[in-house]
Amino acid sequence: MTIKDFKFAGKKAIVRVDFNVPLNENGEITDDTRIRGAVPTLKHILDEGGALIIMSHMGKPKGKVNPKMSLGQIKDAVAAALNAPVIFAPDCAKAQEAAAALKPGEVLLLENLRFYPEEEGKPVGIEKTDPAYDEAKKEMKARQKEFAKTLASYADCYVMDAFGTAHRKHASTAVIADYFDADHKMLGFLMEKEVQAVDNVLSNIKRPFVAIMGGSKVSSKIGIIENLLGKVDKLILCGGMTYTFAKAHGGEIGESIVEMDKLDVALGVEELAKKNGVELVLGTDSICGDKFSNDANQKTCPSTQIPAGWEGMDAGPETQKKFVNAIKGAKTILWNGPAGVFEFDNFCAGSRAIGEAVAEATKEGAFSLIGGGDSVACVNKFGLADQVSYISTGGGALLEAIEGKVLPGVAAIKGE
Ligand code: AMP
């Protein structure tokens, strides 16, 4: 079924959204991109005369109730975005009565799904090495089905619109779909759009294809980096991973972030790039700070000659030029992860240079896809959101989709 074709009038729809929005210490939303992303689906259902049951996770509460990650904190923001009152269900697994009482046009927001370990379906408090682990996992999977069945019981149809978690086979993103027939489950508008954007990149790669991968660590991105080396013409690697590469070449990196157990992985990436004829673009100089803070003293050093007491926190001026030149002329661009600690205004120049170069290339006709919470925050911070082709709400999900993997959240609806 598609969301356009389904008749929502008089029906209750349970919609999985990704409201895992960043909050500051006062519980205020600092970036509402994800809420705005889900609005078209949610409004469509209300406008068509349906009732909404909204469910999401927030953070990583690890199967326990944690008030700091309560979705109650964003209830008013959701109400404002939908221009409708929102009823809050403080226990997502005990919302039968509230769901039953819902009338067309009404909205029920369920509490954080991950307050229950059943959502993720991973046994808690037991190590994988424990002989009893397999049994515990089996038991948890059975409980996950029951949990999904409870959520399904609230509604007449299921809409999957949480692209950010579509790469997870969780109770609310995939398992729940088993309790609806094909005519009563569908992707939301955001999911449709995201899947289409990935398709645009993969099915019709216009070259040169330049990928920019940044962020803090090599380890969390190595899968996609290796995969991209089979697809792109140029790969820019920036951010914290710069120093794992510098260290692998025997460089001095001071206090910079590094993964000492990934030095061989870094060298492997360089080798694979050479073998595949991909131009690997790494930073050569860094803006360093003498503490991890916005008001740290600054100096620019070669990325392999950072003195003790200093750490690389942003791409240096020479590196920025190198990155900008590499992006110039690109026809397809994928950007995931900042080039430095962009959250600090004094260390965001590298990320800004990349953002501006991506915007410029887009103006010249490139298709630019930006994904991952941090690069999206970057693009927003620099006011470039409307100068790139597509901003994905997914980080890991986007990268897995680009790798060509079928996302469980999509498979659950389309039966692939
Ligand atoms: P990730 O979650 O791996 O995509 O990383 C995003 C984070 O990487 C952001 O919060 C950045 O502040 C951080 N980051 C980028 N460059 C550096 C760096 N040179 N040192 C420490 N953290 C960095």
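Start at 1 and go down the list; that is how both ligands and their atoms are numbered. When a residue number appears, it is its place in the shown sequence, counting from 1.
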* Check ligand 1 against I257 and write out every atom of the ligand that is under 4.0 Å from a heavy-atom position of the residue. => 20 (N), 21 (C)

* Going by the atom numbers of ligand 1, which of them fall below 4.0 Å from some non-hydrogen atom of Y243? -> 19 (N)

Shortest protein contact, [atom] (heavy atom only):
atom	result
atom 8 (O) of ligand 1	S216 N, 3.3 Å
atom 10 (O) of ligand 1	E343 OE2, 2.4 Å
atom 17 (C) of ligand 1	G240 N, 3.6 Å
atom 15 (C) of ligand 1	G340 O, 3.2 Å
atom 4 (O) of ligand 1	K221 NZ, 2.9 Å
atom 7 (C) of ligand 1	D374 OD2, 3.9 Å
atom 19 (N) of ligand 1	G312 O, 3.0 Å
atom 22 (N) of ligand 1	V341 CG2, 3.8 Å

* Proximity to ligand 1 by part of E311, non-hydrogen separation under 4.0 Å -> neither

I need the minimum non-hydrogen distance between [X] and [Y], along with the two atoms involved.
X	Y	result
M55	I176	CE-CD1, 3.7 Å
A397	L407	O-CD2, 3.8 Å
Y243	M313	OH-N, 4.0 Å
W310	N297	CZ3-O, 3.3 Å

* Do I253 and T304 come close enough that some side-chain heavy atom pair is under 4.5 Å? -> no

* Structure fact -> Taken to the nearest 0.5 Å, the spacing of R34 CZ from D32 CG works out to 12.0 Å

* Heavy-atom neighbours of D47 CG exceed 12 at 6.0 Å -> yes

* Sorted by first residue and then second, give each side chain to side chain donor-acceptor pair (under 3.5 Å) pair with at least one member in residues 202-229; sequence neighbours left out. => R207-D233, S219-E259, K221-N336, N227-K231

